[in-house]
Amino acid sequence: MNVPTDARYSREHEWARFDGDDVVVGITPYAADELGDVVYVELPAEGLHVDVMDEFGTVESVKAVSPLYAPVAGEVIAVNSALDGAPELVNSSPFHEGWMIRVRPDDAATAIEDLLDAEAYDAFVDELLA
Amino acid sequence: MSYSPSTDADRARMLRTIGVNSTDDLFVDIPAAHRDPTLDLPEALPEVDVLRLVRGLADQNQIPEGVASFLGAGFYRHFVPALVDQQLLRSEWYTGYTPYQAEMTQGTLQSMYEFQSLVCRLTGMEVANASLYDGATALAEAVLMCRAITRRSGVVMAGTVHPAYREVAATYTQAVDVDIRTVDGWSRSDGGVAPDVEAVAAAIDDTTSCVVLQRPDFFGWVVDPTPVVEAAERHGAKIVYVVTDPISLGLLTPPGDLGADVVAGELRALVGPPAYGGPGAGMLATRKAFIRRLPGRIAGRTTDLDGQQGFVLTLQTREQHIRRERATSNITTNQALVALGAAISISALGPGGVRSLATRSLSAAHRCAAALKDVGATVFDAAPYFHEFILHAPRGGEATVDALAAHGVFGGYPLGRVAPALDDTLLVCATDLTTRADVEALTSAWQAIHRG
Amino acid sequence: MPGRRSIVASEPLIFELASSGRPGVRPPLAQFDDVDPASVLPEGQVRESLDLPEVSEIDVMRHFVRLSQRNHSIDTAIYPLGSCTMKYNPKINEVAARLPGLLEPHPYQPETSVQGLLALIHDLEAVLGEIAGFATVTTQPAAGSQGEMVGLLCIQAWLRSRGERRATVLVPDSAHGTNPATATMTGMRVEPLGTAPDGNIDLDELDAKLNDDVAALMLTLPTTLGLFEQRILEVTRRVHAAGGQVYGDGANMNAMLGRVRPGDLGIDVMHLNLHKTFTTPHGGGGPGAGALGVQAHLAPFLPGPQIVRRDSGYALEPAGPDSVGRVHAHLGNVGNLIRGYTYIRSLGREGMREVANDAVLNANYLRARLAPHFDIPYNRICMHEVVLAGTRQRRLGVRTTDIAKRLIDYGVHPPTVYFPLIVDEALMIEPTETESIESLDQFAEALISVADEAKTAPDLLHAAPSAAPVRRLDEVTANRSPDVNWTAAD
């Protein structure tokens, strides 16, 4: 599996990517595939402050629920309301239309530095699949 | 004796296949000191004998065939079409399990979907679950639902909600962050008892998660809930209506038209006589927006691989077997068979039948009240009521009930059990099954005990 | 219009059978002159329309008969759902529960007028206490999960009465989902407990997690692996030594009837599912009945009212000051208490042991017959159920779901699948004592045949079922856009 190099990754299978001053967050294709067809995504209210590893929502398939963990600390300034009517975007376009929250990081300089880069995440997933 | 079909030869064959010598070898994991206790139990009884025993117990109970009963107070007798119980005795209904394998249980799943749809039509709501244990637990779940939706902890509970329902709601919420404030919602004066819906409205504030009203309420009244609805809307509180008699929905404006966010109720009366309180079936209906907070099973309509209509349990991630400690509730087994009976009953009665039973009940109660007044009794009827009214019992409610029982009449429910201020009152109920002879028995008994 | 002959043909919705003006069942004749509702009710409180289907009596009857025929039931064939105890429901129970003297009474009629009913429930509570080894039993809970809630609330109340507050519940990872869900509803925190390779609770982990915040261990006995906890006495001793209580999930009591009383093993409180062990029918998902047994120290906290026997007869004693409160509008699912009582009196002392013996024998027979064909992760003598793993088949590209769906084509209801969660691709089989050896053989042969097909013709499994009223259903759409309430526009 080769994930985009312009994002960073958590071991909980969230991705985080800078878009201007904000960090956009979603889940990786690996997480989406493990879950199967996504049927519902529960996202927080805008304005919520999250710390790293705080649960900010859940993503559901028919028979499973997975918590979503914030990969960065900051304030949630937008959520992807398109997922309300089209949760399948998480499966079909995990890195783009299937994004979940937009976070204004507490500290932009260090926000994503502890996360895995694409190569390290790919290696991490390869290990899980082995 | 245990309904086991096995012969000793079968058992010997099975033991050989397993590779053990005796059945006892299968129980060796049980601590030896506690294995095979001597139980103090009676001997086994064949069918005839066990039925003789149980019938002996049944015969000790008085039932409406021999008594004129005016008991209601949350448990009602209405006409139920004969086909309902004939259906419920079908093996395919009553000996099936929860429809976890959809392809083998399409009958149950479709009936659940129809039940949900019928409940929505009766209540004027958008979605309903497939039932809860009873009306009281439905209220408890409604309160917990509103807490989850609003993230507020306050509950304004009208004192005109069934007392047992209020108790169950208190039990369910005692260990979590819910603060129930009960407001009488009625007042007593020399001239009678009257509703006080403004007092309920006044108790709602910005910490209120939901306000709970019953319709018709425990005292039988049908009040205009507008002040409560307005106050709830002003403060962002949810509105929960309790319905203890589903037949009332045949006549009264449905909760969905009165601002309801959640409707919690009891459906037993559609399926059969009170059965000493259970099994009933709790209904819980709400708005579409709150469907993921709705506890209990929900059936959904979908299609199969060939595009043919079919039904499944849906939104199961809400439930305990998947979400475990984060589930909307711990409920699993519900009251499916009773709910099925309710769906069949509503279908067989149709809109005309349901409305007719409601109108007959209202008429019977009002004629009964008039007959009591004719023999000198006082009815506290300043407020509009459906099929239950408050009768003044100057000798005390409990004493009057006992005295009437001695004349073969169950005269009503002593409201002093709810509040001491109502010690001298009875709640009297009449329905479509109340006969002229019943009312005559009540009025004669009333005269007899008040003579001299 | 072509006739609907086949029971597998699609059945229209009740709404689609309706026709405006079609008469339903006639309501009773009026006993009193009608009162105009508008003349006695406030303005705006009388409903204008009632949008219910108008269907003839015969069409209602046929509709629901045809729907019923699209169901599997115990009275059709074996129904081997693990953890559900789908055994034969004796018909005499239905006769008993419908006796007018038991069906008609009103909850608020004078106690003196329902002595028979009160005696029955009182005796049932005593007998259940004797069978399971508890000092006091309440039959108020409407189902097992409600019993769990009452049980945990009682434990909390007992702890409070001793000036203690504890908020952790230890729940083995093999537990039913109701256990952790109940813990949350009672305001407690769940701490999972691992299972040792031999299927027992991991005692080292238990020790490590026992502390002065642990209110209770919730334990299913036999476990959901179908195994008897071999160190049960040690487990209950250690929990008690740490000041906690042991809650027993009695869903699996069928394995123990007459052979051991859980109350004798250090279990403080336990629910019994009358709809599993004591043959009250499952009704397609209820009503059940969940009696709760407690040891004497927990009795003051039980819900009220409790039925007591006085010189003057049976009476309803209101809850005491320490009670956790009621959980049902009256006394629970009384109809099912009558069925359970009838069953217990039918079995008697002699029948109890026979139930456990044959239930356990049947499960072990299936274990022996199926062991060559399936992986069995905890393969030792089991109790009333055996848990297989479809892991061998998974390596062939076949999932447990496929096995289950293929069984349907054989006319066999699949076992419980994907539970317990700690077993990969789990198939949990509980035959119960009321299946004959021929029925067990048929079931085993169907499962073995499917296991063979997994090797030779896996596509048959992937495409299954093909002989059911419907093929596999689109659950994804059902969840993404739930259609749970029919509207005419559909």
Side-chain angles (χ1 to χ4, degrees), chain B residues 1-2 4-5 10 14 18 29-30 34 41 43-44 54 57-58 60-63 71 81 91-92 94-96 98 103-104 106-108 117 120 133 136 164 171 175 273 276-279 300-302 304-305 310 314 320-321 324-325 327 330 333-337 348 350-351 356 363 366-367, chain C residues 24-25 27 32 35 50 52 54 67-68 70-75 96 99 101 104-107 113 116 142-143 145 177 180-182 184 186-187 190 228 260 264 281 283-288 325 329-330 333-334 348-349 351 354-355 358 365 368 433 436-437 468 470-471 473 478 483 485-486:
Chain B
M1 155 178 337
S2 68
S4 161
D10 295 335
M14 288 195 263
I18 298 164
D29 289 340
I30 296 174
H34 299 287
L41 294 175
E43 62 176 2
V54 176
L57 292 166
Q60 294 174 35
N61 306 314
Q62 280 182 282
I63 57 174
L71 286 166
S91 289
E92 299 93 326
Y94 84 92
T95 78
T98 302
E103 296 89 343
M104 282 189 115
Q106 281 296 296
T108 290
S117 303
C120 288
Y133 301 131
T171 304
Y276 206 52
R301 182 163 68 142
T302 184
D304 74 359
L305 285 171
T314 193
Q320 49 77 28
H321 62 280
R324 297 175 79 84
E325 68 267 25
N330 69 345
T333 291
N334 55 18
Q335 309 280 122
L337 194 69
S356 165
S363 303
H366 286 77
R367 300 294 176 198
Chain C
V25 176
F32 306 94
V35 171
L50 183 58
L52 297 175
E54 294 175 82
L67 281 186
S68 78
R70 291 156 69 80
N71 276 349
H72 186 80
S73 70
I74 308 171
D75 289 347
L99 290 171
E104 299 272 353
H106 188 284
S113 72
S145 64
T182 304
T184 302
T186 54
V190 175
F228 201 85
V260 64
D264 294 346
H330 194 51
N333 287 336
V334 173
R349 189 174 49 242
E354 197 173 285
V355 167
D358 283 340
Y365 178 67
E433 75 281 5
S436 66
I437 189 167
V470 289
R471 297 184 62 201
L473 292 151
D483 169 4
N485 171 17
W486 186 81

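Every chain is numbered from 1, with letters handed out A, B, ... down the list of sequences.
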Looking at [X] and [Y], what are the two nearest heavy atoms and their distance?
X	Y	result
C/Gly285	B/Asn334	O-OD1, 2.6 Å
B/Ser91	C/Ser73	O-CB, 3.4 Å
C/Pro281	B/Tyr94	CB-O, 3.1 Å
C/Val470	B/Gly310	CG1-CA, 4.4 Å
C/His330	B/Gly277	CB-CA, 4.2 Å
B/Glu92	C/Asn71	O-ND2, 3.2 Å

Tell me, out of [options], who's got the most heavy-atom pairs with chain B below 4.5 Å.
options	value
C/Ala329, C/Ser436, C/Gly288	C/Ala329
C/Ala368, C/Gly348, C/Pro180	C/Pro180
C/Glu54, C/His72, C/Arg349, C/His106	C/His106
C/Ala143, C/Gly101, C/Gly325	C/Gly101
C/Thr186, C/Val334, C/Asp264	C/Val334

May I ask you to decide if [Y]'s main-chain N or O and [X]'s side chain share a donor-acceptor pair within less than 3.5 Å?
X	Y	value
B/Thr314	C/Ala478	yes
C/Arg471	B/Asp304	no
B/Thr333	C/Gly286	no
B/Ser2	C/Gly351	no
B/Thr108	C/Gly284	no
C/Thr182	B/Asn330	no

Engaged part of [X] at the chain C interface, taking heavy atoms whose separation is under 4.5 Å:
X	result
B/Ser356	side chain
B/His34	both
B/Ala327	side chain

Problem - Per-residue contact mode, C/Val190 against chain B (heavy atom under 4.5 angstrom) - result: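 Side chain only.
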
Handout entry: C/Ile74, part contacting chain B, at a heavy-atom distance under 4.5 Å
Key =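 Both parts, backbone and side chain.
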
Handout entry: Stepwise side chain to side chain contact (heavy atoms under 4.5 Å, CB included) test for B/Gln106 and C/Leu473
Key = CA-CA 11 Å; B/Gln106 281 296 296; C/Leu473 292 151; 3.5 Å; yes

Specify which of [options] makes the most heavy-atom pairs with chain C at under 4.5 Å.
options	value
B/His321, B/Gln60, B/Gln62, B/Met104	B/Met104
B/Val54, B/Asp10, B/Ile30	B/Ile30
B/Thr171, B/Leu57, B/Thr95	B/Thr95

Problem - Non-neighbouring partners of B/Tyr276 that pass side-chain hydrogen bond (donor to acceptor under 3.5 Å, both in side chains), sequence neighbours left out - result: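 Per chain and number, B/Tyr276 pairs via side-chain hydrogen bond (donor to acceptor under 3.5 Å, both in side chains) with no residue.
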
Handout entry: By side-chain hydrogen bond (donor to acceptor under 3.5 Å, both in side chains) - contacts of B/Arg367 (at least two apart)
Key =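 With neighbours one apart ignored, the set is empty.
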
Practice task
State, yes or no, whether a side-chain contact exists between C/Pro105 and B/Ile63 at a heavy-atom distance under 4.5 Å.
Solution key: yes

Exercise for the section: For residues C/Asp358 and B/Met14, determine if any side-chain heavy atom of one lies less than 4.5 Å from a side-chain heavy atom of the other. Expected result: no

Exercise for the section: Could you verify whether a donor N or O on one side chain and an acceptor N or O on the other, from C/Glu104 and B/Asn61, lie under 3.5 Å apart? Expected result: no

